[in-house]
Amino acid sequence: MSARETALNALIACRKKEAWSNSVLKQYIARDKLDRREAALATRLCYGVLQNRERLDFYLKQLLTGKLKDLHPVVRDILHLGLYQLYELDKIPDSAAVNESVDLAKKYCRWQRGAAGLVNGVLRSASRTQGTLKEPRSFVDIYSHPQALVDLLIQDLGKEKTKIMLEADNTAPNTVIQVNTLRTTTEALCAELEWAGVKAEPHSWMSDCLVLSGTGDLEKLRAFQDGLFYVQDAAAKLTVMCAQVPKSSSTHVLDCCAAPGGKSLAAAIAMGNAGKIRSCDVHKHKLPLIEKGAQRLGLSCITVREQDATQPHPAWENKMDVVLCDVPCSGYGIIRKKPDIRYKDPMEMELLPQLQLQILQQQANYVKPGGILIYSTCTVLRRENEEVVQEFLEQHPDFELEKLPLPSGLPENESGMLTLVPGEYDTDGFFISRLRRKA
């Protein structure tokens, strides 16, 4: 199985099964036993097509003699793969991009007469006419984000910030890791990673945080197996940092929507593996991910529990020093990691604020007087962020916003609420708010 065929299979699965590209791609790369080089190419091709689908269609409309809507979806997927190689990947010869695409059409479109010839003709024409086709002008065609999403972003962020975000969404995401300071130091981990052939650079503003390149399969690194680090974006780590979890054996923390467990791990390390963290999630099949991560890092203060964050647990009321409430959201802040999120219908997300408020209200019951409640999302929309917090505060006068304790490198913030936009501060898109229950 070639990288191009694996990428095609992943694109078909994303379209037909509404599967997430990151999980499907990982599964298919393992299934097809691709080596490191082929796996990297399959990833680049799959993500590249998803990140540039509207732009590629803009060019296809100029190259086709018929109508774009008349193409069979698989033929369209193959043409997208070919065009992306021709227009975006300089190291792949045009002949290879064309011939491999024709072979895919022969294998996957046998039932459609002339499919291979169509693919061959369109891609050869694309190769000949590079640089002469009309270029896209709208945000939709340039950055391949649907109009409805672009409109939502401009409404909340303004045109300039939206442009910055759309550009960032179409870049390859960095591999960002957090150092397990209970087992090593940043300097020692950097040295071990360099020895293993992995380039590690300090994050621009988050301490004990590294940006990696040339990693290959992270899980095969000895440093990973020894529990010296875990994968987590700086924005997610910042959420825990803003909680300022007390480092004490008497500290009680609740992470209510925890899977896959990154924030629980960060909190446990910040606490020095003291106190107690209850790491909960409604999805039972995800709980082993948290347990496995804690075990690998040597963290014994985490207890895992299946728990619906909207449902009460009376034994926890008024008991928690810190509650981390990172709620289900539209995910628009992590499009660069999950490029297919952009194609989800925004109308399907309109009821999310109701669920988010319901979770926040339930979790507030567990915060002890004087304790901290962190509300966060990985989106940038006001309706899921500031508006949820404001509605919560109107109904809960016993809580108040507090200034966020931010590291140098981020803007001063007095409001107690912060939105990080992809492309601005070297992070995923994220919203963080810090609320204290009045003593």
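Everything numeric in this text was worked out from a predicted model, so none of it was measured. FYI, side chains are in, hydrogens and waters are out, and symmetry mates aren't considered; it's all heavy atoms of this structure. Count residues from 1 along the sequence.
With hydrogens and angles left out, the side-chain atoms of His80 and Asp57 include a donor and acceptor closer than 3.5 Å. Donor-acceptor pairing under 3.5 Å is recorded for the side chains of Asp208 and Thr186. No side-chain N or O of Tyr375 forms a donor-acceptor pair with one of Gln363 less than 3.5 Å apart. Between the side chains of Asn9 and Glu5, no donor-acceptor pair is found at a separation under 3.5 Å. Gln85 and Arg4 share a donor-acceptor pair across their side chains, judged by distance under 3.5 Å alone.
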* Does the side-chain contact (heavy atoms from CB on, under 4.5 Å) test come out yes or no for Leu83 and Leu81, once each step is laid out? -> CA-CA 6 Å; Leu83 277 180; Leu81 282 169; over 6 Å; no
* Verify side-chain contact (heavy atoms from CB on, under 4.5 Å) between Ile92 and Leu41, making sure each step is shown before the conclusion. => CA-CA 10 Å; Ile92 294 181; Leu41 178 58; 4.0 Å; yes
* Residues Ser376, Phe431; criterion side-chain contact (heavy atoms from CB on, under 4.5 Å); working and verdict -> CA-CA 5 Å; Ser376 61; Phe431 173 80; 5.7 Å; no
* **Residues Thr181, Ile269; criterion side-chain contact (heavy atoms from CB on, under 4.5 Å); working and verdict** => CA-CA 7 Å; Thr181 53; Ile269 292 171; 3.4 Å; yes
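Looking at Thr6, its side chain does come within 3.5 Å of a backbone N or O of Ser2 through a donor-acceptor pair. In terms of modelled atom types and a separation under 3.5 Å, the side chain of Ser127 and the main chain of Leu123 share no donor-acceptor contact. Remark: the backbone N or O of Cys329 is not paired with any side-chain donor or acceptor of Glu384 at under 3.5 angstrom. Side-chain atoms of Asn174 do not come within 3.5 Å of backbone N or O of Val176 as any donor-acceptor pair. At distances below 3.5 Å, at least one donor-acceptor pair connects side-chain atoms of Asn52 with backbone N or O atoms of Gly48. With hydrogens and angles ignored, the 3.5 Å screen pairs no side-chain donor or acceptor of Glu391 with any backbone N or O of Leu357. The closest donor-acceptor contact from the side chain of Asp308 to the backbone of Thr310 lies under 3.5 Å. For the pair Trp20 (side chain) and Asp340 (backbone), a donor-acceptor distance under 3.5 Å is absent. Judged purely by atom type and a 3.5 angstrom limit, His285 has no side-chain atom pairing as donor or acceptor with the backbone of His283. Side-chain N or O atoms of Arg434 include one that pairs as donor or acceptor with a backbone N or O of Cys242 at under 3.5 Å.
Atom CD of Gln390 sits about 11.5 Å away from atom CZ of Phe392, to the nearest 0.5 Å. Atoms SG and CG, on Cys190 and Leu210 in that order, are 4.5 Å from each other to the nearest 0.5 Å. Rounding to the nearest 0.5 angstrom, the gap separating the CD1 atom in Ile277 from the CE atom in Met271 is 4.5 Å. Between Leu182 atom CG and Leu299 atom CG the span is 6.5 Å, to the nearest 0.5 Å. Between the NZ atom in Lys107 and the CG atom in Leu8 there is a gap of 9.5 Å [rounded to 0.5 Å]. Atom CZ of Phe224 and atom CZ of Phe229 lie 6.0 Å apart (nearest 0.5 Å).
A side chain to side chain contact (heavy atoms under 4.5 Å, CB included) with Ser433 is found for one member of Thr377, Val389, Leu404 and no other, namely Val389.
The residues Glu291 and Lys286 are annotated as not salt-bridged, no charged nitrogen and carboxylate oxygen being separated by less than 4.0 angstrom. Under 4.0 Å is where a charged nitrogen must lie from a carboxylate oxygen, and between Asp255 and Arg278 no such pair does. The pair Arg342-Asp169 does not meet the salt-bridge criterion, since no charged nitrogen lies less than 4.0 angstrom from a carboxylate oxygen. Between Arg44 and Glu88 there is no salt bridge, since no side-chain N of the basic residue sits under 4.0 Å from a carboxylate O of the acidic one. A salt bridge links Lys337 with Asp428: the distance from a Lys NZ or Arg NE/NH1/NH2 to an Asp or Glu carboxylate oxygen falls below 4.0 Å. Ion pairing between a basic and an acidic side chain is recognised when a charged N comes within 4.0 Å of a carboxylate O; Glu387 and Arg383 show no such pairing. A salt bridge is defined here as a Lys NZ or Arg NE, NH1 or NH2 lying under 4.0 Å from an Asp or Glu carboxylate O, and Glu135 with Arg137 fails to meet this definition.
Side-chain contact between Phe430 and Asp326 is present, with at least one heavy-atom pair separated by less than 4.5 Å. You'll find the side chain of Cys256 reaches within 4.5 Å of the side chain of Ile359, heavy atoms only. Inter-residue side-chain proximity for Asp70 and Lys67 is flagged as met; some heavy-atom pair is nearer than 4.5 Å. Put simply, the side chain of Leu324 does not reach to within 4.5 Å of the side chain of Leu254, judged on heavy atoms. Leu410 is listed as a side-chain neighbour of Leu420, based on a closest heavy-atom distance under 4.5 Å. Counting heavy atoms from C-beta on, the side chains of Leu381 and Leu153 come closer than 4.5 Å. Within the 4.5 Å cutoff, no side-chain heavy atoms of Val327 are placed close to those of Leu360.
Other residues, nucleotides and ligands contribute over 12 non-hydrogen atoms within 6.0 Å of the CG atom of Asp345. Around the CZ atom of Arg222, the shell of radius 6.0 Å holds no more than 12 heavy atoms that belong to other residues, nucleotides or ligands. Summarising the local packing, CD of Glu194 is surrounded by more than 12 heavy atoms from other residues, nucleotides or ligands at distances under 6.0 Å.
By the 6.0 Å and 45° rule, Arg55 does not stack over the aromatic ring of Tyr143. For the pair Arg31 and Tyr28, the cation-pi criterion (under 6.0 Å, within 45° of the ring axis) is fulfilled.
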